[in-house]
Amino acid sequence: MIQLFQVVKTFGPNVVLNNIDVKISKGELVFVTGPSGAGKTTLLRLIFGAERPCAGHILINAINLNRISRSKLALLRRKIGFVFQDFKLLPHKTVFENVAIALEVTGLRPRLVRKKTHQTLRLVGLAPKEKAYPPSLSGGEQQRVAIARAIVKDPLILLADEPTGNLDPDLTQDIMVLFRNIHQRGATVVIATHSRQLIAGIECRTIVLNQGNIFEDMG
Amino acid sequence: MIQLFQVVKTFGPNVVLNNIDVKISKGELVFVTGPSGAGKTTLLRLIFGAERPCAGHILINAINLNRISRSKLALLRRKIGFVFQDFKLLPHKTVFENVAIALEVTGLRPRLVRKKTHQTLRLVGLAPKEKAYPPSLSGGEQQRVAIARAIVKDPLILLADEPTGNLDPDLTQDIMVLFRNIHQRGATVVIATHSRQLIAGIECRTIVLNQGNIFEDMG
Amino acid sequence: MKRNRAVHLLSLGTMVACLLILGAFLILFGNLSNWVGQWGSTLSMSIYLKDGVSDYKRDKIDAFIRALPGARIRRFISKEDAIEELKAALGEEGGFLERLTHNPLPASYEVVFETADSNRMDTEEIKARLLGLDGVADVQHSRQWVKRLEGFLHIVRLVGTVIGGLLCLCVVFMVTNAIKLTIYSRRDEIEILKLVGATDWFVKLPFLLEGAVLGFFGGGLTILALFLGYLGLCSKKIYLLGPTPLEFVFLPGQYVAVFVSVSMVLGIVGSFIAIGRFIEV
Amino acid sequence: MKRNRAVHLLSLGTMVACLLILGAFLILFGNLSNWVGQWGSTLSMSIYLKDGVSDYKRDKIDAFIRALPGARIRRFISKEDAIEELKAALGEEGGFLERLTHNPLPASYEVVFETADSNRMDTEEIKARLLGLDGVADVQHSRQWVKRLEGFLHIVRLVGTVIGGLLCLCVVFMVTNAIKLTIYSRRDEIEILKLVGATDWFVKLPFLLEGAVLGFFGGGLTILALFLGYLGLCSKKIYLLGPTPLEFVFLPGQYVAVFVSVSMVLGIVGSFIAIGRFIEV
Ligand SMILES: Nc1ncnc2c1ncn2[C@@H]1O[C@H](COP(=O)(O)OP(=O)(O)OP(=O)(O)O)[C@@H](O)[C@H]1O
Ligand SMILES: Nc1ncnc2c1ncn2[C@@H]1O[C@H](COP(=O)(O)OP(=O)(O)OP(=O)(O)O)[C@@H](O)[C@H]1O
Ligand SMILES: [Mg+2]
Ligand SMILES: [Mg+2]
């Protein structure tokens, strides 16, 4: 499903990923962890095609991201959900619109868009806030909008970058249940996090990044 | 030091704080916790004068925020450090400039500004990144810039809103040591957080907000 | 949206200014050609009579003129009329005319030839025949003068095309600028749209539309302003040559449509340039 | 910064357009007053002689004129000169002059009075004395004409003041718009500055400076453009009245300074308005 071969990523003199080899199979649930600045976000962005590797190859569903056209990449992204660490919400659109946009760009029929969006907002507990604008939301509420936007399209791959940093322990549990449901429906899920609580809660593979290398890869 | 009398804060029909009474003495270290959307950020913003209460009074150093002039408020804010949940960094200024600005607005001499800024960046472990721009930083690095900007002016009051949501456990410890140092030098410190790890690490007063009321106030 | 309103007003204003010059030029040119066309098609001739010509001779001349193909006697100017008109034309400078001991001006016929194509008429031949009549002192005609005007019109057209081209470039530049700014202010939005899988066209289309709308309104407002200006101009009578006031016409209907369409196309071209430079990033 | 450059160029362009009109008007007005002033201060008189006046009488008239205070005989126009000049002035319309049997125009002296203030001169008295001389047929002087021109100049000044005021308003509006946009695009920055304890003035000052710089450059560029245009105009000789080409002058030095300063003040006023409306939020 997701394969990285000898991937190198540097920013100027700063070597963030140094010859990384990772293989994540279809339907796996994987945690990525490591200290601040280790390259977790960079790894997820590479998989998403938002960043290009300086060397090496990345294959998603056997498609090489180095050779993909702009329009193919757009189509691929419709199958990938991404929870951004900084949320990336549109401040001038309502919560509802922010979530619905992920379906609208695929050309889904408006009626279905509305139905799926409402349903997902209920799942993350934001139904009462659907008409609010992101700047008027609390940190945790914004994070849940970002999560809703990532999962609303039933992605084949879910990439979540520190998805519970602003959530209280109870909500964290709820969100993890959501992610596991998506995982159980067959999606590949990759979660980058610092939270020991999150990782401890589930028995699964954990990739530990440190100083550009994979420090530990526990299956 | 910080006194709230019968403070009410509503956003439209949404009652966020309902008749809150809080008294925090000079030199105290207090945690504010509660579920997502409970009003932690709102409480801190009220104390900072960034939000006005709908009813009730807030006194900082015996100054009533309802009656303060704009220029007095600016002077007061120079004594208060605030770590914003969403960082609020200037994307077009370097890390160094982002931190230095908190000293520059006070009219401090440039030489001293430089010295203090370098020193603080070293404290949060960002000395190597001082020439970088915030959008090129990792989540945790951005959070540490926000922390550096709040503590660079040796504030009398430090308000930190979820200051370690993007930090790994080791860094979280380091930052808490920093906050306790500031506290030990006599500053009043108020930290809003979800993190049980953070609260469990220190024996001190915790204010638990829930549904607009103070649910628990453990001294 | 709100943040861009000011930019758009600003560029709309500048655009309208550019288009106004263009439109005013078009109208001016249209009217000039009209006038020249009219004058050209009505060749006019002045036939001066000798002093003291007898009524009999005058009647013969009169009859001869009326027999010429397409000719119409506009008026007969007596010696007295002639001096009065000269006085009126010279105004204060004509003071000396008061001191003339006798009227030196000749009487004359003013004749116009309203043939479909006056160009083919042999004016020199007619002139020679008129001079052959007893009592005719001199004959003058307007042909050379029209020729010179047509050359002038040609130059005006050339200069107009060059200036018009430059102004169109200006309009495109204005729109490009405005759309660039809009794109700049929405770059976060664009980034996010692409991150959720929007195709390039999904992102670009709204900006193209914006450019088209900008161009359309720019053109429309310009036509409106020009028309108001035209009405104002029409309410005044302007005399350039002769005693009849100049007659102004507005741009014909299909020109208005072309004008607005061109302005819209310019808007689209402008936003196209802006998009090309920005969105690929 | 980069994002605002386009806005600033846009507003600078529109500003310069407004200021250009203003400046062109100032120059035009300055030159008009100059010309009128020159004509006004040199009162001129035409003294027409009777036909067939004897040389003796002419010498006496000549001597009499030379004895008048401040008077200078610009030239003597003989009957032949007079008819030649009239022919030149009428051009093609003057064809009838060829058919005159004798010259109806009188000879004349053209006299100018170059006194410091010609206004106090009693022209009517001089005229009466001249008419009393033997051989003088008529006397005309230019006083009334200058009076009328001065009235016209007064109207021009009035209209100019109104239009100038409107244009200044436009300039202020342009600057306000540009600064508003800058403020809008930096509102996050402004918010953060206030959160770290910056006073209002700390936040406002850069925008005021920006307005001032915008105004200064707008004014400077306009002066530059006007000067280039002025040079272009000077290279052409334009004849309006009489055989000497019009002499153009540029805005005097202190006017240039005032112009740029005013434009800068307009810039400051514009940014002041923009700031007042936006930063308090
Ligand atoms: N666009 C960029 N330009 C320059 N440096 C960058 C850029 N993006 C990331 N970096 C650097 O790469 C390193 C890794 O960043 P990354 O965001 O992947 O870390 P992370 O593991 O997600 O950290 P965190 O847990 O703090 O979010 C950091 O040192 C960061 O400063
Ligand atoms: N400017 C605003 N306009 C409208 N509603 C607001 C505004 N600011 C906050 N709220 C609402 O007030 C409630 C409390 O928000 P607040 O940010 O204080 O929560 P919080 O305790 O900080 O939550 P979190 O832990 O998720 O950050 C939320 O429901 C939020 O949507
Ligand atoms: Mg990260
Ligand atoms: Mg909060």
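Naming convention: chains lettered A, B, ... in sequence-line order (proteins, then strands); numbering from 1 in each chain.
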Minimum heavy-atom distance A:Gln85-B:Gly140, with the two atoms named:
NE2-N, 4.4 Å

Selection from B:Arg144, B:Gln143, B:Gln197 maximising heavy-atom pairs under 4.5 Å formed with chain A:
B:Arg144

Shorter than 4.5 Å, heavy atoms on both sides: which option in B:Gly125, B:Ser195, B:Gly12, B:Ser138 has the most such pairs with chain A?
B:Ser138

Residue [X] versus chain A: region with a heavy atom under 4.5 Å:
X        : result
B:Asn14  : side chain
B:Glu162 : side chain
B:Lys129 : side chain
B:Asn166 : both

Mind checking the CG-NE2 spacing from A:Leu171 to B:His194? Nearest 0.5 Å is all I need.
8.0 Å

So with a 6.0 Å cut-off around CD of A:Gln119, is the heavy-atom count from everything else above 12?
yes

Verify, without hydrogens or angle tests, whether B:Asp168 (side chain) and A:Ser36 (backbone) share a donor-acceptor contact under 3.5 angstrom.
yes

Greatest number of non-hydrogen atom pairs under 4.5 angstrom with chain B, of A:Gly139, A:Pro169, A:Gly37, falls to A:Pro169

